[in-house]
Amino acid sequence: MRWTHWVNFPVLLIMIWSGLFIYWANDAYGISIFGFSLFKFFPKWFYDYFHISRRLAEGMAFHFLFMWVFFINGLLYIGYTILSGAWRELLPKRGSFKEAWQVLLHDLHIRTTLPPQKKYNAAQRIAYTAIILMGFGSVFTGLAIYKPVQFYWICWLCGGYHVARILHFAFTIGYVLFFVIHVLQVVLAGWNNFRSVVSGFEVVETAIETEQEIAVENSQTNNSDGKQI
Amino acid sequence: MENKSKESSKIPPTVDQKIKRRNFISFGVFFAASTGAIAGWEWLLKSPKEKFGITGGTRVPLRRALNKTELFFRNFFSNNHLVKTYPAEMAAKQVRINSLIGIEEDLHFDPQKWKLSVLIKNGESLNINLEEIKSLPKTEIIYDFKCVEGWDQIQHWGGVKLSDFLNHFKLDEEIKKQYMGLQTPNGKYYIGLEMQSALHPQTLLAYEMNGKPLANEHGAPLRLIIPVKYGIKNLKRIGTMSFSNSRPKDYWAEHGYDYYSGL
């Protein structure tokens, strides 16, 4: 599970990078009112800075290679999560949405107490489940755009070619936003937490500072993952 | 924790030592894997350019991936999978002209003298004029034309089904070949199709757009309309048609694009 997390990071980066090459060829999205463009995704300086222009063929070649890695890695993650029972820690429960609101208030320093939590708090449960659903959504809408005739039914389920393309784009924006918050939270959670995401265990210091204990938190949940924020 | 009992005969390592050891191993593996990933990426970016041939313009591993991916997705191809069609009112009046490669150089092109030349066995060729083609059953299609760049437009085309055309001229032997190649009269634009897609029931040799004869910039007098492919395969102004068991040359496949480019 840790492994798929770390594989996913560069792969998603490559998918977004090559996806931008493709998007550049017809950069249609933005918000305009009465023909006046208020806001357009990606101004010229952005394309220039990342050398995105005129690389459509290259973008497609990378996108259609790494889509396989993204897909297989996602399958491994979901498969492992189901088989190990780790999904119990991840799926939102009844009351998670209410609790997540309390977590949010706490994180924004509006509320001082935190609802009781196990490995993941309610907000994490929702966020991490959502990101998996988004990953599925990216593959699904991606297929709808990639083979709209052979997979006409996927295209239809996505609401047609245009809607599929917009959703595919929106999921990507979602990943970027997720990434920003995710990294911020990891920084706030501190080194010990980050270390656990790499090593798979967490050090819990007991009241007497000289006495440390390894809490291999597998004991409870049978999974080898660290506590993530 | 399990280690504790096994190692009890020796001096048991302190908890601190265990933490250090596990961290050392974990981070060691983590950095080794990261380094490997970066090295792999560098290798891919600097991997050899493919030798220019039927395909070109990209790197060897990327081309290999495109070709393998083609083989995988060709399993899903079926003549029963049809592109969605629309009522005629939804067709664009201003049909987008994205490229004139292969026809713009022909300033003195004379549609009256045009004939489609079909290269058949033993170097023979059939030369077919537009009247003969127009006398075949006409098929019309209003569908969403898709460009590899990402834009699309609902367009209205009329012509003869390519499969009807091939059957009418008794090109049975040619149909058994794996590929069809098409070129503009001046040979500046050319495409290759697997026979499967060429024989798809929605693939047309079109001579009409929005109910009127094709304008020059849309590929007069006869062009290919193939909804199961991106626009790059929809060759304007067909000059010659050929058949082969190896991939015919293809303009955009030489420029780093996927040869298949199927939808």
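All values derive from a computational prediction rather than experimental measurement. Protein chains get the first letters and strands the later ones, always in sequence-line order, with residue 1 at the start of each.
Annotation: side chain of A:Phe64 is not in contact with side chain of B:Asp258 (no heavy-atom distance under 4.5 Å). Using a 4.5 Å heavy-atom cutoff, the side chains of A:Phe62 and B:Leu45 are in contact. Side-chain contact between B:Val148 and A:Leu56 is present, with heavy atoms from C-beta onward closer than 4.5 Å. No side-chain heavy atom of A:Val149 sits less than 4.5 Å from a side-chain heavy atom of B:Tyr143. Using a 4.5 Å heavy-atom threshold, the side chains of B:Val228 and A:Gln150 count as touching.
Closest non-hydrogen pair, A:Ala57 versus B:Gly256, comes out as CB-O, 3.6 Å. Across all their heavy atoms, A:Ala25 and B:Glu149 have their closest contact at CB-O, 3.4 Å. A pairwise comparison of heavy atoms in B:Ala65 and A:Leu65 identifies CB-CD1, 3.6 Å as the closest pair.
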Trace of the ring pair (Phe, Tyr, Trp, His ring centres under 6.0 Å) decision for A:Trp68 with B:Phe72 | CA-CA 11 Å; A:Trp68 290 108; B:Phe72 177 78; 5.0 Å; yes
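When each of A:Trp153, A:Trp24, A:Trp3, A:Tyr146 is scored by its heavy-atom pairs under 4.5 Å with chain B, the top score falls to A:Tyr146. Interface check for chain A: of the options B:Arg63, B:Arg64, B:His81, B:Arg59, the most heavy-atom pairs under 4.5 Å are formed by B:His81. In terms of non-hydrogen atom pairs under 4.5 Å with chain B, the most contact-rich of A:Ala61, A:Pro10, A:Gly160 is A:Ala61. In terms of heavy-atom pairs under 4.5 angstrom with chain B, the leader among A:Val7, A:Val198, A:Ile22 is A:Val198.
In the displayed structure, A:Phe179 atom CZ is contacted under 6.0 Å by at most 12 heavy atoms of other residues, nucleotides or ligands. Residue B:Phe24 qualifies as open at atom CZ: its count of foreign heavy atoms under 6.0 Å is 12 or below. Within a 6.0 Å sphere centred on CZ of A:Phe71, other residues, nucleotides and ligands contribute 12 heavy atoms or fewer.
Contacts between B:Lys68 and chain A at a heavy-atom distance below 4.5 Å are absent for every atom of the residue. Heavy atoms closer than 4.5 Å to chain A are found nowhere in B:Asn80, neither backbone nor side chain. Contact of A:Ile14 with chain B is made through the side chain alone, with heavy-atom distances under 4.5 Å. Only the side chain of B:Trp41 has a heavy atom closer than 4.5 Å to any heavy atom of chain A. Within the 4.5 angstrom heavy-atom criterion, no atom of B:Ile25 approaches chain A. Both the backbone and the side chain of B:Leu263 come within contact range of chain A, judged by heavy atoms closer than 4.5 Å. If you measure heavy-atom distances from A:Phe66 to chain B, the contacts under 4.5 Å come from the side chain alone.
Within the cation-pi definition used here (under 6.0 Å to the ring centroid, within 45° of the axis), B:Lys84 does not qualify as a partner of A:Tyr152.
The aromatic rings of B:Phe73 and A:Phe151 lie perpendicular to each other, with more than 60° between the two planes, well past the 30° mark.
Interatomic distance, CZ of B:Phe30 versus CZ of A:Arg2, reported as 10.5 Å (0.5 Å rounding). A distance of 12.0 Å separates CZ in A:Arg165 from CH2 in B:Trp151, rounded to the nearest 0.5 Å. Note that NE2 of A:His162 and CG of B:Asp152 are 3.0 Å apart. Values are rounded to the nearest 0.5 Å.
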